[in-house]
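Presented below is the structure to which this report refers.
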Amino acid sequence: MKIRVGTFNLFQFVEPPYSWYTKKEKFNIEQWEEKTTWIKNQIIEMNCDIIGFQEVFSKKALKDLLNELGFKYFKTIDNAKTDKKNEKVYISTTVALASKYPIKNLKKVEIDFSALKKHHLDGFFKFARAPIKATVALANQKELDVYVCHLKSNRDNEFEYVFTKDATLNEKKEKIRKALEENYSLSLKQRLCEASSIFSDIKRTQNPAVLMCDLNDKEFSVTIQALTNKKYHDETLKKDEYLLLDAYYFYKKKIYNPHPEQKEIKRTPTSYFAGKGNVLDYVFVSSLFDKNKQNHIGQITSYEVFDKHLQKNQNGSLLCSDHAQVVCELEFN
C-alpha cells in the first residue's frame with residue numbers, strides 16, 4: 001500500500017470580500033478565481049491522499065475546493081480570527097488537514113510545560129497557530145497519526161543562528177544558550193517551545209506519525225533538533241536518536257545526466273528571502289519508515305518539491321504562493 005502526503009502553504013487564502021490584516025489587502029473576484037484555479041491545478045499535480053495546509057483564513061472556501069478534488073474529509077482545529085473593529089478583516093490564520101481517507105480523533109496538541117522552563121520562557125504561552133493532530137484511517141485497518149503545523153515566524157530584526165550540516169547538537173545548544181537565557185530572540189524561544197510540545201505529543205502516540213509543516217526555520221536548525229531528536233530533550237542519551245526523520249534524506253535520489261564532478265544533489269529551496277533560497281517546508285515521518293531499521297513498517301519511495309512558480313518568480317505571487325509544495329510517498333510493508 002502506498003500513500004502520498006504533502007504540505008502546502010496557501011499564502012493568504014482569503015475569500016473576497018474579506019481582507020487579511022489590513023482593510024486594503026484583499027482579492028477581487030477575478031484575482032480570487034485565478035488564485036483558486038492555480039491551487040486546484042497544483043493539488044491535482046501533487047496527487048496526494050493527505051495534505052496539510054498553512055495560511056488558511058477562509059476554511060469553508062478551502063473545504064469546498066478540496067471536495068471538488070475528491071478530498072471528502074477536511075478538518076481545522078480552530079478558526080481564523082477577525083478584527084473586533086471590522087469583522088471583514090482577518091487578523092490571524094490557521095492550519096487545515098484534508099484527506100481522501102477518514103479523519104478521526106481530531107485533537108489539540110498539548111503544551112509541554114517542562115519545555116517552557118527549559119527554554120526560559122516566562123509568563124503565558126500558546127502556539128502562534130494551533131497545530132492539528134488527527135488519526136487517519138487508511139485501508140487494511142492501518143492508521144496514521146497526522147500532524148500539521150505552522151511554527152512561529154522569524155522576525156527580521158532578531159538575531160538567530162544559521163547552522164551547517166556539520167554542526168553537532170551540542171554545538172547548536174551551546175550557541176543558542178545565551179540567546180535563550182537573555183531573550184535575544186523571542187521568536188526562536190517560541191518556536192522551540194512549539195517544536196518541543198509537538199515532539200512530546202508524537203512521542204506518546206501509538207501509531208506511526210507524519211508531520212507536514214511550514215517550519216519557519218532553515219535546514220540544520222536547532223528547531224529541527226527539538227522536533228525530531230530525543231537527545232535534544234534527554235541529555236543522558238549518548239548519541240542522537242531520532243523520533244522523526246526528515247523524509248528528504250531517506251529516499252534514493254535519481255541523478256539525470258550528472259556532471260562528472262558533482263558529488264551530491266543540492267536540495268531545492270521551498271522559499272526565498274532577499275534572493276536567497278531556504279528550505280522552510282518539510283515532511284517529517286516516523287523513524288519506523290527507515291527501511292534500514294529492523295522493525296521498519298515501510299519506506300519512503302518518493303520526495304518531490306513543486307516549485308515551478310518560484311522558478312519564474314522567487315518571491316512567488318499572491319495569485320499562487322510564495323512557498324513550494326512538498327510531497328512524500330510512503331509505502332507500507
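Just so we're clear, the structure is a prediction, and the values are computed from it rather than from any experiment. We use all heavy atoms of the structure for the numbers below, so side chains are in, but hydrogens, waters and symmetry mates are not.
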Can you see which heavy atom on [X] is nearest to which on [Y], and at what distance?
X: E15; Y: A61; answer: OE1-CB, 3.6 Å
X: L62; Y: A96; answer: CD2-CB, 4.2 Å
X: S99; Y: I50; answer: OG-CG1, 3.8 Å
X: Q54; Y: G52; answer: NE2-O, 4.1 Å
X: C48; Y: F71; answer: O-CZ, 3.4 Å
X: C149; Y: V95; answer: C-CG1, 4.2 Å

Residues that [X] engages under ring-ring contact (aromatic ring centres under 6.0 Å, His included), provided they are two or more places apart:
X: F11; result: none
X: Y21; result: F57
X: F27; result: W20, W32

Go through the side-chain N and O atoms of [X] and [Y] and say whether any donor and acceptor fall under 3.5 Å apart.
X: N170; Y: E174; result: no
X: D281; Y: T270; result: yes
X: T301; Y: Q299; result: no
X: H296; Y: D290; result: no
X: D234; Y: T236; result: yes
X: K152; Y: S187; result: no

- Query: Can Y161 be reached from L280 by stepping across I, L, V, M, F, W or Y side chains whose heavy atoms are under 4.5 Å apart?
  - Reply: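 Result: no, two separate clusters.
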
- Query: According to a 4.5 Å side-chain heavy-atom criterion applied to Ile, Leu, Val, Met, Phe, Trp and Tyr, with indirect links allowed, do V285 and I132 form part of one hydrophobic cluster?
  - Reply: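 Hydrophobic grouping puts V285 with I132.
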
Looking at [Y], is its backbone amide N or carbonyl O close enough to the side chain of [X] to form a donor-acceptor pair, meaning the two atoms are under 3.5 Å apart?
X: N313; Y: G316; answer: yes
X: N216; Y: L151; answer: yes
X: E194; Y: A128; answer: yes

- Full working for salt bridge (Lys or Arg N to Asp or Glu O under 4.0 Å) between D145 and K133: CA-CA 7 Å; D145 283 339; K133 172 190 180 179; 5.7 Å; no

- Message: Run the side-chain contact (heavy atoms from CB on, under 4.5 Å) test on L245 and Y242 for me, step by step, so that the C-alpha distance in whole Å, both residues' side-chain angles and the decisive distance to 0.1 Å come before the verdict.
- Response: CA-CA 7 Å; L245 312 172; Y242 290 94; 4.3 Å; yes

- After noting the C-alpha distance and the side-chain angles of C320 and K35, does the key distance pass the side-chain contact (heavy atoms from CB on, under 4.5 Å) rule? CA-CA 5 Å; C320 51; K35 182 176 180 73; over 6 Å; no

- Item | K107, NZ: over 12 other non-hydrogen atoms inside 6.0 angstrom |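 For K107, atom NZ is not crowded (no more than 12 foreign heavy atoms under 6.0 Å).
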
- Query: side-chain hydrogen bond (donor to acceptor under 3.5 Å, both in side chains): which pairs involve residues 80-95, sequence neighbours left out?
  - Reply: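 For residues 80-95: D78-T94.
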
- Item | Among F250, F332, Y303, the one residue meeting ring-ring contact (aromatic ring centres under 6.0 Å, His included) with F289 |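 Result: among F250, F332, Y303, F332 is the only option passing the ring-ring contact (aromatic ring centres under 6.0 Å, His included) with F289.
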
Name every donor-acceptor pair, under 3.5 Å, that has one atom in a side chain of residues 219-232 and the other anywhere in the protein, sequence neighbours excluded.
| from | atom 1 | to | atom 2 | distance (Å) |
| --- | --- | --- | --- | --- |
| E219 | OE2 | Y249 | OH | 2.1 |
| E219 | OE2 | R267 | NH1 | 2.9 |
| S221 | OG | K218 | O | 2.9 |
| S221 | OG | I224 | N | 3.4 |
| T223 | OG1 | D217 | OD2 | 2.6 |
| Q225 | OE1 | N229 | ND2 | 2.8 |
| T228 | OG1 | I224 | O | 2.7 |
| N229 | OD1 | K231 | N | 3.0 |
| N229 | OD1 | E241 | N | 3.1 |
| N229 | ND2 | D240 | OD1 | 3.0 |
| K230 | NZ | E241 | OE2 | 3.3 |
| Y232 | OH | H119 | NE2 | 2.7 |

- Message: Less than 4.0 angstrom from a charged side-chain N to a carboxylate O is my criterion; do E181 and R177 meet it?
- Response: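 Salt bridge between E181 and R177, a charged N being under 4.0 Å from a carboxylate O: yes.
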
- Message: Tell me whether the rings of F284 and Y282 are parallel (<30°), tilted (30 to 60°) or perpendicular (>60°).
- Response: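 Parallel: the ring planes of F284 and Y282 meet at under 30°.
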
- Message: Assess the residue pair E34 and T37 against the criterion (side-chain contact (heavy atoms from CB on, under 4.5 Å)); give the C-alpha distance rounded to whole Å, side-chain angles, the decisive distance to 0.1 Å, and a yes or no.
- Response: CA-CA 5 Å; E34 184 176 341; T37 298; 5.9 Å; no

- Those residues that, when tested against E235, pass salt bridge (Lys or Arg N to Asp or Glu O under 4.0 Å) (two or more places apart):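 For E235 the salt bridge (Lys or Arg N to Asp or Glu O under 4.0 Å) partners, ignoring immediate neighbours, are K173.
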
- Item | V279 vs V305 side-chain heavy atoms within contact, under 4.5 Å |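 No - every pair of side-chain heavy atoms lies 4.5 Å or more apart.
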
- Start with the C-alpha gap between M1 and N333, add the side-chain angles, then the distance that decides, and say whether side-chain contact (heavy atoms from CB on, under 4.5 Å) holds. CA-CA 7 Å; M1 177 188 180; N333 296 340; over 6 Å; no

- Test applied, side-chain contact (heavy atoms from CB on, under 4.5 Å); reference residue, F8; option that passes from Q42, M212, E55, H323: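 Testing F8 for a side-chain contact (heavy atoms from CB on, under 4.5 Å) against Q42, M212, E55, H323 leaves exactly one candidate, Q42.
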
